[in-house]
Amino acid sequence: MLDPAIRWTDRLQSSSGEWSGNICDFYFRVYNKVIKDIKIPFKTKGGVPNIFHVWEDEGWIEPVIEEQFDPDRMILTLEFRKKATEKTQKQMDMILDHMNTDTWYKAEEFIDLLGVKLTQTKELLRMLVRMEALEINRQTKGKRYRKRNDI
């Protein structure tokens with residue numbers, strides 16, 4: 001059964017109380033209800049350029065804007081991964097140049113080569129694994145790394 005208290009709330013009437021057949025009355029009544037109920041995923045004060053500036057300041061990989069048609073939409077892809085600096089890229093290249101495809105290496109073997117601590121060396125190796133330049137033999141203690149054959 002319909003609740004009599006709210007039954008007439010969506011009826012369209014003119015200001016005099018008579019029934020109205022005007023399509024504009026219907027449009028604005030329904031439009032305002034729909035707009036009020038639509039959730040906006042997020043708002044940015046500075047817009048898309050502000051997002052790009054924040055990502056650059058944080059050193060994250062640059063956002064990607066993709067435009068699609070039918071239906072029309074814009075997709076903004078944001079990655080929370082650090083982009084490789086020139087120094088990091090140089091260190092990763094040094095690791096790859098030092099490695100052979102048929103030999104497994106421990107992270108400790110690259111400390112003297114790179115001149116960095118073990119934690120930084122392991123982070124560089126993890127980045128190379130994520131980039132699929134290296135393969136790993138274990139997921140826990142005693143990890144060893146090897147250059148992939150297809151590189």
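Distance check: E79 CD to I61 CD1 gives 4.5 Å after rounding to the nearest 0.5 Å. Residue R148 holds its CZ atom at 6.0 Å from CD of E135, rounded to the nearest 0.5 Å. Rounded to the nearest 0.5 angstrom, L96 CG and T101 OG1 are separated by 12.0 Å. Here the straight-line distance linking atom CE of M92 with atom CG of D97 works out to 12.0 Å at 0.5 Å rounding. Distance CE/M94 to CG/L113: 4.0 Å, rounded to 0.5 Å.
Proximity of E62 to E56: side-chain heavy atoms (C-beta onward) are nowhere separated by under 4.5 Å. Proximity of I75 to Q68: side-chain heavy atoms (C-beta onward) are separated by under 4.5 Å at one or more points. Side-chain contact between K122 and F110 is absent, with no heavy atoms from C-beta onward closer than 4.5 Å. For the pair I51/L76, a side-chain contact is recorded, criterion being any heavy-atom separation below 4.5 Å from C-beta on. The shortest side-chain heavy-atom distance between V54 and N50 falls under the 4.5 Å cut-off. Contact of the I95 side chain with the K147 side chain is not registered, since no non-hydrogen atoms from C-beta on lie closer than 4.5 Å.
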Q: Quick one: do L124 and L114 satisfy side-chain contact (heavy atoms from CB on, under 4.5 Å)? Show the steps, please.
A: CA-CA 10 Å; L124 289 165; L114 300 172; 3.7 Å; yes

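E123 is linked by a salt bridge (charged side-chain N to carboxylate O under 4.0 Å, His left out) to R126, R130, counting only residues two or more places apart in sequence or in another chain.
Neither L134 nor I111 shares a network with the other; the hydrophobic side chains, linked directly or stepwise wherever heavy atoms of I, L, V, M, F, W or Y lie under 4.5 Å apart, form separate groups for each.
Considering all non-hydrogen atoms of both residues, F52 and P63 come closest at CE2-O, 3.6 Å. Taking both residues in full, the closest heavy atoms of N100 and R146 are given as O-CG, 4.3 Å, listed atom of the first, atom of the second, then distance.
Side chain to side chain, Q89 and Q91 fail the donor-acceptor criterion of an N or O pair below 3.5 Å.
The number of heavy-atom neighbours closer than 6.0 Å to NE2 of H98, taken from other residues, nucleotides and ligands shown, is above 12. For E86, the CD atom is loosely surrounded, since the number of other residues' heavy atoms within 6.0 Å does not exceed 12.
Contacts classified as side chain to side chain donor-acceptor pair (under 3.5 Å) and involving residues 102-114 (residues at least two apart or in different chains) are not found.
When atom types are taken as modelled, the side chain of R144 and the backbone of I136 share no donor-acceptor pair closer than 3.5 angstrom.
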